[in-house]
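Okay, structure first, notes after.
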Amino acid sequence: PLMIITSIVYTINMALDFQGNVVSVIQVIALVLLVIGVYPYRIRTKNRNLIMHGFLSIVAIGLNLVTVLSIMIPVFSGNLVFISNLPLFQSAVIWLHAILGIVAIVLAVVIIFSWVTHPLGELGCSKTWKLMIPTFVIWAFVLALGLTIHIYNII
């Protein structure tokens, strides 16, 4: 009975974390946009497919940046003392999430910047294509860590 009550209370607390739920949904949408954006890239028969690939990537990064700047950074910075008092594993997961999140954002901005600063005919992002898969993998891993942090209500 105690385990059931604890589980119910935990579920209610997670459901009431509206802000965390919104961030999680937006981040999953951003990841889905990146996955959808691969299809136009794979069928490079027309320049507009590559343009759609780029625009879907920009929207995904925009969604990511909005949630990071408006919600994640304030929550993280407001809980630094709490994070430092967590058990080592939980604290390490949060710091890994934050550091790899910064890495993913920087790589994504480099890729997008190389695309938007060149004429479309030049496909400037082709110079950074080797960064795309590692950036996606890091981003997906960061999302998994973020969902883990949210589900287990660490912060």
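In this structure, the separation between CH2 on Trp139 and CD1 on Ile105 is 8.0 Å, given to the nearest 0.5 Å. A distance of 4.5 Å separates CD1 in Ile83 from CZ in Phe76, rounded to the nearest 0.5 Å. Of the inter-residue distances, the one linking Leu33 atom CG with Leu63 atom CG reads 6.5 Å to the nearest 0.5 angstrom.
Other residues, nucleotides and ligands contribute over 12 non-hydrogen atoms within 6.0 Å of the CG atom of Leu80.
With sequence neighbours excluded, the residues forming a side-chain contact (heavy atoms from CB on, under 4.5 Å) with Phe55 are Ile51, Ile58, Trp115, listed by chain and number. Residues forming a side-chain contact (heavy atoms from CB on, under 4.5 Å) with Leu96 (at least two apart in sequence, or on another chain): Leu100, Phe141, Leu145. When the side-chain contact (heavy atoms from CB on, under 4.5 Å) test is applied to Leu131, the partners found at least two apart in sequence or on another chain are Leu107, Val110, Ile111, Thr128, Thr135.
The stretch residues 95-110 participates, sequence neighbours left out, in no side-chain hydrogen bond (donor to acceptor under 3.5 Å, both in side chains) pair at all. Each side-chain hydrogen bond (donor to acceptor under 3.5 Å, both in side chains) pair with one or both residues in residues 98-108, not counting sequence neighbours, would appear here, but there are none.
Using a distance-only test at 3.5 Å, with no hydrogens or angles considered, no donor-acceptor pair links the side chain of Ser91 to the main chain of Leu88.
Phe113 and Val66 fall into different hydrophobic clusters, where Ile, Leu, Val, Met, Phe, Trp and Tyr side chains are chained together by heavy-atom contacts under 4.5 Å. Residues Leu143 and Ile36 share a single hydrophobic cluster, defined by chaining ILVMFWY side chains whose heavy atoms lie under 4.5 Å apart. Linking ILVMFWY side-chain heavy atoms closer than 4.5 Å, directly or via other members, places Leu86 and Val81 in two distinct hydrophobic clusters.
When all heavy atoms are compared, the tightest approach of Leu69 to Ile73 is CD2-CD1, 3.9 Å. Between Ala104 and Ile138, the closest heavy-atom pair is CB-CG2, 3.8 Å. Here the closest heavy-atom approach between residue Ala108 and residue Ile61 is recorded as CB-CD1, 3.4 Å.
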N/O donor to acceptor pairs below 3.5 angstrom from side-chain atoms of residues 23-30, sequence neighbours left out:
residue : atom : partner : partner atom : Å
Ser24   : OG   : Gly20   : O            : 2.9
Gln27   : NE2  : Asn64   : OD1          : 3.1
Gln27   : NE2  : Thr67   : OG1          : 2.4

